[in-house]
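Computed from a predicted model, the values in this text were never measured in an experiment. As a basis for the values below, the full set of heavy atoms in this structure was taken, side chains included, without hydrogen atoms, waters or symmetry mates. Residue numbers start from 1 in every chain, and the chains themselves are labelled A, B, ... in the order their sequence lines are given, proteins ahead of strands.
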Amino acid sequence: MSQIFARSTNIWSKVSILAVPILVAFLGWAVVTISWSGYVTGQGLTRDQPVQFSHAHHVGSMGIDCRYCHTTVEESAFANIPPTKTCMNCHSQIWTSAPILEPVRASFRDNTPLQWWRVHDLPDFVYFNHSIHVAKGVGCATCHGPVDRMPLVYQENTLQMSWCLDCHRNPQKYIRPRDQVFNMSWQRPADDPGMGERLVKDYKIADVRQLTSCSTCHR
Amino acid sequence: MKSRRSFCLLSAAFCLLAAAGCRQDMHNQPKYIPLRDSALFANGSSARPLVEDTVARGTLQDDEAFFTGKTGGADVNTLPFPLTKEVLDRGEQRYNIYCSPCHDMTGAGQGMIVRRGYRQPPSFHIDRLRQVPIGHYFDVISNGFGAMPDYRAQVAPRDRWAIAAYVRALQLSQHAAAAEIPAEDRQKLSQSPPAPSEGAAKHE
């Protein structure tokens, strides 16, 4: 009976010992890279909106507070997108014939909502509440980034679970005084390293075991 | 043998890539979250406006002075609840959010939006507005006045009163006599003003 494998196949067995781990490692790397990329998480992406609304102009240059438009952020789970009426508070008199605002005027005339695209979209199995984060000293910019310098809003962070947990495990590294939550240019004071721990205590932020319990966010 | 192994590897790679790239149904469940669109209603929105004249349980606005700023058609002259420091602080915060874009931080009517072309509102410090009853301010915030739109949807009734109270404080700030200022603060009047803080500079 002849040999099943010819002598020439020896090279294949040797190469495969090396090649299989490399291939597996490559696949693992590819999966991680792709799932952490903006392509999957939406990080860094802007959307084509019905109106090219610039936060950089309204917040950064005009100095309008976040809450002028996002009125419910302190009391409700959801930070509302303002109704067209809020746009028209000013734009009934300013830039009244600008073509870029025609969709806003049409929406107001016809009583039809503008169809904005959601930039920050959490999975539906996650419970998230804006009001508790605002009340406990998580600044807008901590999660949303420098919105006051964004001509078109993009998603600053991955919004992945590991990103949420980073803060839920170490809230003292991220929270700020309550009266600075809506200040887009707040900087952590360099001369007060104990501030985070102090605020965690003052604001009665739950201990890490509770903050990282499954049912805190998946309820 | 060779082709079988490469087939296995390729299909494994494909599965992993597919798993990494797709969003599963659990991410976007067939339910309405706030402002999600709807194919059911003609205008495409899942959130429906209330039927007119709907009153939710416990929200009947039967306190005329508190919810309209008027009694018997005339503006009320007093705040409908006790004035505390918390009310004034809240009023200051709400004023700076919703009013200062036009009326500016001092109430002179030189806000950023006015400087960009909105019709200038009168200063809060003119005699006419210093003498109107406080209910007038509540009424104007609720219903608008002249070029000013109403802020009914953006500012809750209690906050409108807090803002009205803070407008009174602003008026006092521009018309107080030096003798009324506590002695330890009075000497600050002759000092040069401190440099504006970052937050104030932002709202300039």
Compare all side-chain heavy atoms of [X] with those of [Y] and state whether any distance is below 4.5 angstrom.
X        : Y       : result
B:Arg115 : A:Met62 : no
B:Val155 : A:Thr71 : no
B:Arg116 : A:Trp95 : no
B:Val114 : A:Gln93 : no
B:Ile113 : A:Ile94 : yes

>> Using a 4.5 angstrom heavy-atom cutoff, name the option from B:Ile33, B:Leu35, B:Ile97 with the most pairs to chain A.
In response: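 The residue among B:Ile33, B:Leu35, B:Ile97 with the greatest pair count is B:Ile97.
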Taking atom [atom1] as the centre, does [X] end up with more than 12 heavy-atom neighbours from other residues, nucleotides or ligands that are less than 6.0 angstrom away?
X        : atom1 : value
A:Arg109 : CZ    : yes
A:Gln115 : CD    : no
B:Tyr32  : OH    : yes
A:Asp48  : CG    : no
B:Gln174 : CD    : yes
A:Asn111 : CG    : no
A:Phe26  : CZ    : no

> Parallel, tilted or perpendicular: which fits the ring planes of B:His27 and A:Phe125, with parallel below 30° and perpendicular above 60°?
Replying inline: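 Ring orientation of B:His27 relative to A:Phe125: perpendicular.
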> For B:Asp150, does its backbone N or O pair with a side-chain atom of A:Lys85 as donor and acceptor, under 3.5 Å?
Replying inline: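 Present.
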Tell me, side chain or backbone of [X] under 4.5 Å from chain A's heavy atoms, or both, or neither?
X        : value
B:Ala42  : neither
B:Asp37  : neither
B:Arg119 : both

> Which heavy-atom pair separates B:Tyr118 from A:Cys90 by the least distance, and what is that distance?
Replying inline: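 Shortest heavy-atom separation between B:Tyr118 and A:Cys90 comes out as CE1-O, 3.6 Å.
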Name the region of [X], side chain, backbone, both or neither, that has any atom closer than 4.5 Å to a heavy atom of chain B.
X        : result
A:Tyr68  : both
A:Gln187 : neither
A:Thr9   : neither
A:Ile81  : both

> What distance do A:Asp124 atom CG and B:Met26 atom CE have between them, rounded to the nearest 0.5 Å?
Replying inline: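 Going from CG on A:Asp124 over to CE on B:Met26, the span is 9.0 Å.
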> So how far is it from B:Ser45 OG to A:Leu114 CG, rounded to the nearest 0.5 Å?
Replying inline: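 It is 12.0 Å, given to the nearest 0.5 Å.
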> If you measure only the distance, is there a donor-acceptor pair under 3.5 Å linking the side chains of A:Asn89 and B:Gln154?
Replying inline: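 B:Gln154 and A:Asn89 do have a side-chain donor-acceptor pair below 3.5 Å.
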